[in-house]
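Notes for the one structure printed next.
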There are 2 protein chains.
Amino acid sequence: MAKQVVPETARRRRRPTRQGTVLSERLIVETALRVLREHGSGGLTARRLGTALGADPSTLYRYFGGMDELTRAIGEELLGRALDSWSASGEWRADLRALGLAVHSSYLAHPQAAALTASRVTGRPREIALDETILGILRSAGFPDPAAVRLYHAFIDLSLAFAALDAGALALTEEARAADEDLWSSTYARLPAESFPHIAATAALLAARMPHSAYPVVLDTLLAGAAAELSARRRTGLDRED
Amino acid sequence: MAKQVVPETARRRRRPTRQGTVLSERLIVETALRVLREHGSGGLTARRLGTALGADPSTLYRYFGGMDELTRAIGEELLGRALDSWSASGEWRADLRALGLAVHSSYLAHPQAAALTASRVTGRPREIALDETILGILRSAGFPDPAAVRLYHAFIDLSLAFAALDAGALALTEEARAADEDLWSSTYARLPAESFPHIAATAALLAARMPHSAYPVVLDTLLAGAAAELSARRRTGLDRED
DNA sequence: ACCCTTATGCCAACGCGGTTGACTTTACCT
DNA sequence: AGGTAAAGTCAACCGCGTTGGCATAAGGGT
């Protein structure tokens, strides 16, 4: 690669583009989020982002190694926003619930971006801060380390997986999304009861429920299981460690 | 659109390509799975698939409306294989567990394909058959319809979301995947204990657990919650419906 | 057994994508 | 004030999905 990416902190000269914009990682990421919202998850292209910034597409390579690295920066931004919007109450179960919902809704606030990034691990600073927070809540709640790690793993992967799934549904174009929802009231509701008795019997309930996210239900189930585990552990006197 | 896609069942003439292959939806989907495995989730292109089939890329448009429709056909194939590999035992909890794991591992058997398709709803026949099966298990187990639909929703979305997440990790190129795994034993394990006490304290456990899927843990938690709900319902005499 | 129709495959081209190498300009350091 | 190299620009490369027009041969009707 001929071009070198200069770390944002080491950046000194800020030469404006021909159209007068002064670029920065932050401006690029925010503009990318806007472009994604306006043009859909497939609409983030180097050329389009360049135009939106008032800069040549190739300028982006001065800031990011490629579109992939830009994508990871966007993902970190969403995780960071989730953590910023959250505050601790001290009650572990409520805190985890709020944090999970914060991550989920931070992604869903930018579904087109989330669909691109939610299944990637960035290893960037703000993602690490989030991990530290979750582990802290669990260990402070009294879970021994192996249980804390198991629950951390389940919690974060569950939240990211649902964020990606739900964002994917929201990120479709409006007509495609409506068509997917209608599937439940059209195709599924009209299946013959002889061949598909169970779908036919529950068609109305399905049409009402399927357009929403299952994440809260599953998250609450996970937290309820964890709470039961914790109280069982207290009852039996903290004698097991796994 | 100038070209018409002829439904597979209505297809009569089977003219071989210049290189002698006789095309069919089935052959195309299977070849696409092979191409995906060999070239990664971004490696399925019309031109490459054409070459692999010994046919011109544009010929694919005689069989599918576009790459998107081909993608959905691949997704349905994976779900169909999961259902085929499964058989009912009559014990609802064991059956659901086996079915969930079957879906998960069917996707993970073709991670590059799964990464492309797992978050899409196809509405195709074999996907409908899977849905009917799950609802049947729950309703036969004694869950009233609203609970059955709620659990069906949680179950299927959980399974698909984790399939997508885990497939995404597996679908990375070998070096990228190894780098991601190493993150836990390199970056995370070396964070200073002063700033990140919880990560530092659990680094070894994290490195051991994070490379595996959290799906079984979460699935079992969900099924345990459902079982508890069912027995509570029996105890209180089936008087509630939600 | 032979046509005729038309399904099916092929070809060439279009516009758009990411990315790169060589270049110009200009902010900053000395 | 001048030199240097960072930051922005330009033109080009190659691969992508997709399309319209064309060639050809499969298979039904007679």
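Only this structure's heavy atoms are used, side chains among them; waters, hydrogens and symmetry mates stay out. Throughout, protein chains are lettered first and strands after them, A, B, ... in sequence-line order, and every chain is numbered starting at 1.
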Checklist entry - Would you say D/dT19 has OP1 or OP2 under 4.0 Å from some side-chain N or O of B/S58? => result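 Looking at the OP1 and OP2 atoms of D/dT19, neither is under 4.0 Å from any side-chain N or O of B/S58.
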Item to check | Pairs flagged by side chain to side chain donor-acceptor pair (under 3.5 Å) wherever residues 100-110 of chain B is involved - sequence neighbours left out | outcome: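 Matches after skipping sequence neighbours: B/R37-B/H110, B/R81-B/H110, B/H104-B/D166.
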Checklist entry - Quick one: side chain to side chain donor-acceptor pair (under 3.5 Å) pairs with a partner in residues 40-50 of chain B, sequence neighbours left out? => result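 Output for this query is empty, none listed.
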Next on the checklist: B/D84: which residues meet the side-chain hydrogen bond (donor to acceptor under 3.5 Å, both in side chains) condition with it, sequence neighbours left out?
Outcome noted: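 B/D84 satisfies side-chain hydrogen bond (donor to acceptor under 3.5 Å, both in side chains) with B/R126 only.
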Item to check | With B/A169 via side-chain contact (heavy atoms from CB on, under 4.5 Å) - residues at least two apart | outcome: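 Partners of B/A169 under the side-chain contact (heavy atoms from CB on, under 4.5 Å) test: none.
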Next on the checklist: Going by side-chain contact (heavy atoms from CB on, under 4.5 Å), name the residues that satisfy it together with A/R190, two or more places apart in sequence or in a different chain.
Outcome noted: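 Scan of A/R190 (side-chain contact (heavy atoms from CB on, under 4.5 Å), adjacent residues dropped) gives A/S186.
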For [X] and [N], what is the distance between atoms [atom1] and [atom2] respectively, to the nearest whole Å?
{"X": "A/F64", "N": "C/dT19", "atom1": "CZ", "atom2": "C1'", "value": "16 Å"}
{"X": "A/E25", "N": "D/dA6", "atom1": "CD", "atom2": "C1'", "value": "16 Å"}
{"X": "B/L60", "N": "C/dC11", "atom1": "CG", "atom2": "P", "value": "14 Å"}
{"X": "B/L27", "N": "C/dT8", "atom1": "CG", "atom2": "P", "value": "15 Å"}
{"X": "A/D56", "N": "C/dC23", "atom1": "CG", "atom2": "C1'", "value": "12 Å"}
{"X": "B/Y61", "N": "D/dC16", "atom1": "OH", "atom2": "P", "value": "12 Å"}

Next on the checklist: Quick check on contacts: within residues 39-50 of chain A, what sits under 4.0 Å from DNA chain C by heavy-atom distance?
Outcome noted: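 Hits under 4.0 Å, by residue number: A/L44, A/T45, A/A46, A/R47.
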Checklist entry - Among D/dG20, D/dG21, D/dG8, which nucleotide sits nearest the side chain of B/R62? => result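 Looking only at heavy atoms from C-beta outward on B/R62, the closest nucleotide is D/dG21.
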Checklist entry - Considering only heavy atoms, which members of residues 66-73 of chain B lie under 4.0 Å from some atom of DNA chain D? => result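 Per residue number, the list reads B/G66, B/M67.
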Checklist entry - Residues two or more places apart in sequence or in another chain: which of them pass salt bridge (charged side-chain N to carboxylate O under 4.0 Å, His left out) with A/E132? => result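 Residues passing salt bridge (charged side-chain N to carboxylate O under 4.0 Å, His left out) with A/E132: none at all.
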Next on the checklist: A/E76: which residues meet the salt bridge (charged side-chain N to carboxylate O under 4.0 Å, His left out) condition with it, sequence neighbours left out?
Outcome noted: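 A/E76 satisfies salt bridge (charged side-chain N to carboxylate O under 4.0 Å, His left out) with A/R124 only.
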Checklist entry - Would you call A/R26-A/E30 a salt bridge at under 4.0 Å N-O? => result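 Salt bridge: yes.
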Item to check | Audit row: B/Y215, B/S159, side chain to side chain donor-acceptor pair (under 3.5 Å) steps and yes/no | outcome: CA-CA 8 Å; B/Y215 176 63; B/S159 302; 2.7 Å; yes
